[in-house]
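Notes follow the structure.
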Amino acid sequence: MAAKVISGKEVAQQIRAEIKVEVDELKQKHNVVPGLVTILVGENPASISYVTAKGKTAKELGYNSIQDDQPGDISEEDLLALVDRYNKDDSIHGILVQLPLPKHIDANKVLYAINPDKDVDGFHPVNVGKLVIGEAIFKPCTPAGIQELLIRGGAETKGAHTVIVGRSNIVGKPIANMLIQKGPGANSTVTVVHTGTKDIAYHTKQADILIVAAGQPKAVTADMVKEGAAVIDVGVNRIGMTPEGKAKLVGDVDYEPVKEKASLITPVPGGVGPMTITMLMKNTLAAYKYSLNEK
Ligand code: L34
């Protein structure tokens, strides 16, 4: 059996169109647009690419989008002051500090400084706590994108055994928490495997739904996948060079062989990545709507 490929690019476009309708309507009514600032520290090429895509998408949707680039040697104190400036800026509804941050900055300290009402990444402990309780206002963008792909791709999460490879704060932990909740696109039995797991393949082979966020090419090979599983590949690895001098993008899943075994699979590029950006737009819309209700 060859898997059905779920195009994150197409699903993302569909959701963006839905968002645009809502934004246009609210804009007319309130004469305010959603405001998003992305703070980029340093010159990590991957981060530049992601933040640029976020700004472009925000503009396409009619948002007020600011990309605030800061030098890699900015002090922690200055970065905290910058965050606080946007906390107090009423035209900004969403604040995102792109990760990773340079080593001399305590990333958690910066994330804690963001006003939870503007924390469109959902990384502030208040929002992490709400997520675990099942009262999330901002679901972290990548996990939210994965959940949306599962729903719109027709994967039945309820009662499924979902195995997650990776335990990061950005993907593994939040998606695990989301999928054990009651409700649509959840209600799974969840196993999380990680570098401390004795036999990773033993677990992945039992997965009805396999979510791979390991950060390593070919972390999951075909022998680790159950026939008919739905496979979500969260990895974005840059390897080698194409003849045009560009790095090739591959996921964490050995795509071609796994595709032959799975029932559903997401590609890289064009899978989870575009969904991450779209969910950021959705969270920014939510933050903006929240601010309208406050007035
Ligand atoms: N604060 N930091 C914060 N929030 C986030 O949600 C992120 N993440 C991760 C890294 N750091 C972050 C992202 O934005 C990963 N990530 C992300 C965003 C977009 C894409 C991939 C990862 C994406 O658009 N990927 C494209 C390929 C883009 C390319 O050519 O580089 C894709 O089709 O997969």
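Positions are given from 1, in the same order as the sequence printed here. Because the structure is predicted, anything quoted here is derived from the model rather than measured. Just so you know, ligand 1 is whichever comes first in the structure, and atom 1 is the first atom listed for that ligand.
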Checking side-chain polar atoms at under 3.5 Å, does Thr142 have a donor or acceptor matched by the opposite partner on Thr276?
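Per modelled atom types, Thr142 and Thr276 side chains form a pair under 3.5 Å.
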Are a donor atom and an acceptor atom from the side chains of Gln67 and Lys54 found within less than 3.5 Å of each other?
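Looking only at side-chain atoms, Lys54 and Gln67 do not form any donor-acceptor pair under 3.5 Å.
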One pair per line, please: each N/O atom of ligand 1 matched with every protein N/O atom under 3.5 Å away, atom names first, then the distance to 0.1 Å.
residue  : atom   : partner : partner atom : Å
ligand 1 : 1 (N)  : Val97   : O            : 2.8
ligand 1 : 1 (N)  : Asp121  : OD2          : 2.7
ligand 1 : 2 (N)  : Leu99   : N            : 3.0
ligand 1 : 4 (N)  : Asp121  : OD1          : 3.0
ligand 1 : 4 (N)  : Asp121  : OD2          : 3.3
ligand 1 : 11 (N) : Gln98   : NE2          : 3.1
ligand 1 : 11 (N) : Leu99   : O            : 2.9
ligand 1 : 14 (O) : Lys54   : NZ           : 2.7
ligand 1 : 31 (O) : Ser49   : OG           : 3.1
ligand 1 : 31 (O) : Arg238  : NH2          : 2.4
ligand 1 : 33 (O) : Gly270  : N            : 2.6

Over all heavy atoms of both residues, which pair between Phe138 and Asp119 is shortest? Give the atoms and the distance, please.
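The answer is CD1-O, 3.2 Å.
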List, by chain and then residue number, the residues other than Val258 in its hydrophobic cluster (Ile/Leu/Val/Met/Phe/Trp/Tyr, side-chain heavy atoms under 4.5 Å); write none if there are no others.
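Listed partners: Val5, Val163, Val165, Val193, Ile200, Leu210, Val212, Val220, Met224, Val225, Val231, Val253, Tyr255, Ile265.
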If the condition is side-chain contact (heavy atoms from CB on, under 4.5 Å), which residues does Arg85 pass it with, not counting sequence neighbours?
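For Arg85, the residues satisfying side-chain contact (heavy atoms from CB on, under 4.5 Å) (neighbours in sequence not counted) are Asp68, Leu82.
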Please list, chain by chain and in numerical order, all residues satisfying ring-ring contact (aromatic ring centres under 6.0 Å, His included) with Tyr288, sequence neighbours excluded.
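Testing Tyr288 for ring-ring contact (aromatic ring centres under 6.0 Å, His included), a comparison that skips the adjacent residues, returns His93.
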